[in-house]
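So the structure is just underneath, and the comments pick up after that.
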Number of protein chains: 2
Amino acid sequence: MARIKTENNLTRKEVIVSKAATLFREKGFKAASMRDLAEAVGVEAASLYNHIKSKTEILHELCFSVANRFLHKIDEVEAEQTSAIDKIEKLLRFHINEMIHHYEEVYVSDREWKHLSDPYLSNFQNQRRIYRKRFAAIIEVGIADHQIKKIDAATAVLIMLHAISGIESWHRSTQKITAEELEENMISILVGGLVNR
Amino acid sequence: MARIKTENNLTRKEVIVSKAATLFREKGFKAASMRDLAEAVGVEAASLYNHIKSKTEILHELCFSVANRFLHKIDEVEAEQTSAIDKIEKLLRFHINEMIHHYEEVYVSDREWKHLSDPYLSNFQNQRRIYRKRFAAIIEVGIADHQIKKIDAATAVLIMLHAISGIESWHRSTQKITAEELEENMISILVGGLVNR
DNA sequence: AAACATCGCTAACATTCGTTAGTATATTAT
DNA sequence: ATAATATACTAACGAATGTTAGCGATGTTT
């Protein structure tokens with residue numbers, strides 16, 4: 001049997017996690033059964049356990065791989081020598097593109113993390129809280145610079161992040177605008193809502 | 001036994017549905033069991049069925065009571081003789097206040113409607129689609145009037161509605177700004193993101 | 001070729017789930 | 001008081017769940 005990689009250059013485990021992302025998005029973590037997943041992979045349910053430790057482990061992997069990408073990005077953006085508005089726009093564009101191109105994973109990470117179990121749960125919540133604080137800090141710099149209007153930074157963050165999760169509806173919509181148009185529209189509205197004028 | 005009302009002026013069924021809303025929000029529809037609900041109500045699981053037909057019926061009631069409130073509101077707003085921006089602001093303020101004051105129900109209706117079963121599921125999806133189209137139509141009037149900048153109306157709707165669902169985080173936050181401040185901040189950012197200038 | 005690791009299968013497990021049946025008790029209406 | 005209604009209980013059901021044990025076949029390494 002294939003030892004490391006299948007024809008698609010993915011390990012069996014990666015295939016399982018990827019199919020799980022789709023399934024978890026469609027039905028929710030709790031409602032998606034291991035037998036559903038097995039069928040999607042083309043295998044019996046028990047066979048999944050040759051590759052993964054548990055159903056929850058799949059959720060861990062999804063949630064933390066997404067979280068890590070965002071943390072890495074905010075590291076990068078914070079280090080740049082640009083204006084607060086520039087940084088925010090870069091973060092927003094990253095969020096938008098992640099939501100467009102890694103829809104299933106990002107969506108699942110966003111909506112199903114509650115089903116993580118400790119210590120992963122607290123860990124995830126912490127990372128999330130810290131990420132939002134760092135995002136808010138950038139906004140506060142923008143407010144101090146009078147680039148951004150006087151608003152509650154935490155509220156602004158919460159609006160931005162949740163607004164982007166609306167891309168879910170775009171994915172499910174039948175008559176879509178293009179991804180580029182979507183990105184520009186979102187940036188126009190979201191950044192436009194922040195700037196002083 | 002109490003025939004119609006308990007001491008709180010609520011029927012037993014209303015108590016059950018209300019406790020269910022809290023539970024469904026906390027754990028998700030699938031993960032919240034009838035035994036959990038029974039415990040919250042202070043009764044055995046089987047006893048719930050003297051008041052409700054099924055677990056799904058509770059979800060129906062929650063989802064459609066919320067949906068009906070929004071449909072009623074948009075009826076009202078559409079009939080007014082005001083500008084598009086005025087109408088949008090009124091709708092947004094209604095959404096915000098619903099999310100603040102009927103948190104559990106609105107949140108559950110928003111996130112758990114997928115677990116409805118047909119014909120209720122299709123029905124709900126239809127209402128939702130129609131509501132968004134009517135909202136988008138108002139935005140398009142604003143664009144035609146040059147009150148609102150040239151954006152994709154559907155995208156704008158999706159941003160507005162999802163942004164407001166972020167109030168969830170406000171509810172869970174420990175150091176909250178007041179509800180009034182939250183409302184004004186959200187309106188400032190969201191309406192500010194739409195208007196031409 | 002022998003030893004070993006990989007990986008899919010069948011069968012089964014203990015739990016938990018939503019729900020029903022049947023019964024007893026308390027309240028309201030006549 | 002008596003009948004009717006509402007509502008709580010215990011017990012149990014069949015179905016679905018995540019997961020484990022054990023086996024056999026296939027591939028890799030020596």
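Chain letters run A, B, ... following the sequence lines, proteins first and then strands; every chain starts at 1.
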> What's the NE2-C1' distance between B/His51 and D/dA6, to the nearest Å?
Replying inline: 8 Å
>> What is the distance, to the nearest angstrom, from the CZ atom on B/Arg12 to the P atom on C/dT27?
In response: 13 Å
>> Please identify which of these residues, A/Lys90, A/Lys87, A/Lys73, meets the salt bridge (Lys or Arg N to Asp or Glu O under 4.0 Å) condition with A/Glu80.
In response: A/Lys90
> Starting at CD of A/Glu44 and ending at C1' of D/dT20, how long is that distance when rounded to a whole Å?
Replying inline: 15 Å
> Is the distance between the ring centroids of A/His95 and A/Phe70 less than 6.0 Å?
Replying inline: yes
>> Please report the distance, rounded to the nearest Å, between CG in A/Leu37 and C1' in D/dT17.
In response: 14 Å
> Could you state the CD-P distance from B/Glu14 to D/dT7, rounded to the nearest angstrom?
Replying inline: 12 Å
> Would you say the side-chain atoms of A/Lys55 pair up with the backbone N or O of A/Ala32, donor to acceptor, closer than 3.5 Å?
Replying inline: yes
>> Rounded to whole Å, please give me the gap between CG in B/Leu48 and P in D/dA8.
In response: 9 Å
> Between atom CD in B/Glu39 and atom C1' in D/dA8, what is the gap in whole Å?
Replying inline: 17 Å
>> Tell me whether B/Glu78 contacts the main-chain N or O of B/Asp75 through its side chain, where contact means a donor paired with an acceptor under 3.5 Å.
In response: no
> Are a donor atom and an acceptor atom from the side chains of B/Ser165 and B/Arg111 found within less than 3.5 Å of each other?
Replying inline: no
> Between A/Ser47 and C/dC9, is there a side-chain N or O to OP1/OP2 distance below 4.0 Å?
Replying inline: yes
>> Return a single string for nucleotides 14-24 of chain C, one symbol per nucleotide in 5' to 3' order, where B is base contact, S is sugar-phosphate-only contact and - is none, cutoff 4.0 angstrom on heavy atoms.
In response: ---BBBBB---
>> Under a 3.5 Å distance rule, please check whether B/Asp36 uses its side chain to pair with a backbone N or O of B/Ser33 as donor and acceptor.
In response: yes
